[in-house]
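For reference, the structure is listed below as structure tokens.
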Amino acid sequence: MMARGNNKPEYLKSVVGPALALVALLGIASYALLGPTGIIAWTDYRAALSERKIELTKLQKERDALRNRQLLLDRDNVDPDLAGELMRKELNVVAPDEVVVPLK
């Protein structure tokens, strides 16, 4: 019976190492699945990416429109129609032969 009593501490020592390794592996696996950069979070990232792509396309169109307007307002070659439109809008001026029709 003494031989069996001496085997318990050795058995526990031989089980503790693999048990700790198993717990560590389970922790790493759960973090890989459920963590902020885990497999489950990928679907959220894909949805956010598609939303950002739509927003980027919209902002690129807006940037292109502003760039076109900037080119039309170039100091050396101003578009006369745009200059007249801006004068009327910003300065509230009209030519003597024009009629103002309020929209509201």
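Residues satisfying the side chain to side chain contact (heavy atoms under 4.5 Å, CB included) criterion with Leu26, sequence neighbours excluded, are Leu22.
Screening residues 72-95 for side chain to side chain donor-acceptor pair (under 3.5 Å) gives Arg88-Glu98 as the qualifying pairs, with residues at least two apart or on separate chains.
Looking at Lys61 and Leu56, their side chains never come closer than 4.5 Å, going by heavy atoms from C-beta outward. Contact of the Arg46 side chain with the Leu49 side chain is not registered, since no non-hydrogen atoms from C-beta on lie closer than 4.5 Å. Looking only at side-chain heavy atoms (C-beta outward), Pro36 and Tyr31 come within less than 4.5 Å of each other.
Here Leu20 is tied into one hydrophobic group with Val16, each link being a pair of ILVMFWY side chains closer than 4.5 Å.
Annotation: the span from Asn68 atom CG to Leu82 atom CG amounts to 9.0 Å, rounded to 0.5 Å. Atom CD1 of Ile54 sits about 12.0 Å away from atom CG of Leu59, to the nearest 0.5 Å.
Nearest approach of Thr37 to Trp42, heavy atoms of both residues: O-NE1, 4.0 Å. Closest approach of Leu73 to Leu86, counting heavy atoms only: CD2-CD1, 3.6 Å.
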